[in-house]
Amino acid sequence: MVARDAILGKIRKRLEGRPGRADMAAIAERLEQHRPNLIPARGQVPLDQRMALFETATEALSGTSERVRDMSEVPAAVARYLRQQNLPLQVRQAPDPRLDVVPWRNEPLLQVGRGVAQPEDQVSVTAVEAAVAETATLVTTSAPETPTSLNFLPETHIAVVRTSQLHGTYEQVFENLRARFGPSVLPRSLNFITGPSRTGDIEQTLELGAHGPRRLHILLVEDGPQHGKNE
């Protein structure tokens, strides 16, 4: 008997006598149904309240955000932020079809490259798979058009979030991921990004940018109804 079989055998032994725990059919049914546990009420609010919650949580995490009316305002918002931070007007954009509609030509001084992050890149611009209002978390997936390096290598990460992607809870995000990719299928990398990279030493002195971007700026593109049920 290999070590793995011994360990699993001990687990099964411990579960004997507990209703439903050793019933493989019951376990399979539970996994199939994806029944959520207790969901916090603060995330189950209309979109306008989710946006406010997201912005407040982002600020509390040392991130920044700005609302823009549509994708046509993204270039000006990016250039404005870079000037405020005294950063060069150069960005590396994900080769993501969701960003193809951004009219970068409206900011002729802004240099935009496409592709994976390079060591010299200071600023990245990416789209996201989803965002979670209750924790100001961005959800990203890996694919050729969404290189993971853009989320972590440059010191400044600018994320474009459509308000239709802003959900109240993690449970809704996972439900949407299952609907998009299929049951029991996920991309190779699924990242949850909450604020800029940070760490604290033994004295709890906060240091930003320790393991990733030291700045996280989020552009909220208002493409959804401002009132309605949580999605």
Side-chain angles (χ1 to χ4, degrees), residues 39-87 91 93-94 96 98-99 101-102 107 123-141 146 150-152 154-177 190-200 206-209 212-231:
I39 299 177
R42 67 174 182 167
Q44 302 182 67
V45 293
L47 177 57
D48 54 351
Q49 296 180 43
R50 296 203 302 276
M51 292 171 65
L53 178 62
F54 184 85
E55 291 168 324
T56 299
T58 297
E59 183 177 354
L61 292 163
S62 303
T64 55
S65 64
E66 179 183 352
R67 297 189 189 188
V68 297
R69 289 178 298 180
D70 52 46
M71 283 294 198
S72 68
E73 295 187 355
V74 168
V78 169
R80 183 165 54 249
Y81 175 76
L82 296 180
R83 293 188 178 101
Q84 291 171 350
Q85 300 297 322
N86 292 318
L87 291 169
V91 301
Q93 177 205 310
D96 191 329
R98 292 172 295 189
L99 296 176
V101 297
V102 177
E107 285 291 331
V123 183
S124 65
V125 177
T126 73
V128 302
E129 185 68 32
V132 184
E134 63 174 331
T135 56
T137 297
L138 306 178
V139 182
T140 66
T141 55
T146 54
L150 291 172
N151 301 323
F152 301 112
E155 284 203 336
T156 301
H157 180 195
I158 301 176
V160 179
V161 179
R162 295 178 183 269
T163 54
S164 59
Q165 298 175 301
L166 181 57
H167 305 293
T169 64
Y170 288 93
E171 287 82 359
Q172 183 61 54
V173 171
F174 277 110
E175 183 178 330
N176 288 2
L177 287 171
L190 179 63
N191 294 297
F192 292 78
I193 301 170
T194 305
S197 173
R198 63 180 62 207
T199 189
L206 185 64
E207 179 70 26
L208 295 179
R214 66 173 60 250
R215 303 181 192 88
L216 176 61
H217 186 58
I218 301 169
L219 298 179
L220 283 170
V221 181
E222 301 183 38
D223 72 334
Q226 290 300 299
H227 300 279
K229 296 182 179 180
N230 175 42
E231 294 182 354

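The closest donor-acceptor contact from the side chain of Ser124 to the backbone of Leu150 lies under 3.5 Å. Not a single donor-acceptor pair under 3.5 Å links the side chain of Thr58 to the backbone N or O of Ala136. Looking only at distances, a side-chain donor or acceptor of Arg98 sits under 3.5 Å from a matching main-chain atom of Val128. A donor-acceptor pair under 3.5 Å is absent between the side-chain atoms of Glu155 and the main chain of Val123, judged by distance alone. A donor-acceptor distance shorter than 3.5 angstrom exists from the side chain of Gln165 to the backbone of Arg162, with no hydrogens or angles considered.
In this structure, the side chains of Arg80 and Glu66 come closer than 4.5 Å at one or more pairs of heavy atoms. Put simply, the side chain of Val68 does not reach to within 4.5 Å of the side chain of Glu222, judged on heavy atoms. Residues Phe54 and Thr135 form no side-chain contact, since every pair of their non-hydrogen atoms from C-beta on lies 4.5 Å or further apart. Looking only at side-chain heavy atoms (C-beta outward), Thr156 and Pro213 stay at 4.5 Å or farther from each other. Residues Thr64 and Glu59 are not in side-chain contact: their nearest non-hydrogen atoms beyond the backbone lie 4.5 Å or more apart. The closest side-chain heavy-atom distance from Thr140 to Glu129 is not below 4.5 Å. Residues Arg67 and Val221 fail the side-chain proximity criterion, which asks for heavy atoms closer than 4.5 Å. Counting only heavy atoms from C-beta outward, the side chains of Ser65 and Leu219 never approach each other to under 4.5 Å.
Between the CE atom of Met51 and the CG atom of Leu166 there is a distance of 7.5 Å, given to the nearest 0.5 Å. Going from atom OH of Tyr81 over to atom CZ of Arg215 covers 6.0 Å, rounded to the nearest 0.5 Å. Distance check: Glu175 CD to His167 NE2 gives 9.5 Å after rounding to the nearest 0.5 Å. Rounded to the nearest 0.5 angstrom, Leu82 CG and His217 NE2 are separated by 9.0 Å. Residue Gln85 holds its CD atom at 9.0 Å from CD1 of Ile158, rounded to the nearest 0.5 Å. Annotation: the span from Thr194 atom OG1 to Leu138 atom CG amounts to 7.5 Å, rounded to 0.5 Å.
Applying the side chain to side chain contact (heavy atoms under 4.5 Å, CB included) criterion to Ser72, with sequence neighbours excluded, gives Asp70, Pro103.
Side-chain atoms of Asp223 and Thr163 form a donor-acceptor pair, as typed in the model, at a separation below 3.5 Å. In the model, Thr137 has a side-chain atom that pairs as donor or acceptor with a side-chain atom of Tyr170 under 3.5 Å.
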Kindly determine whether His157 and Thr126 satisfy side-chain hydrogen bond (donor to acceptor under 3.5 Å, both in side chains), including the steps that lead there.
CA-CA 8 Å; His157 180 195; Thr126 73; 2.8 Å; yes
For Val78 and Glu107: C-alpha separation, side-chain torsions, deciding distance, then whether side chain to side chain contact (heavy atoms under 4.5 Å, CB included) applies.
CA-CA 9 Å; Val78 169; Glu107 285 291 331; over 6 Å; no
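Aromatic ring orientation, Phe192 versus Phe174: tilted (interplanar angle from 30° to 60°).
Heavy atoms only, all atoms of each residue included: Ala133 and Ala57 are closest at O-CB, 4.4 Å.
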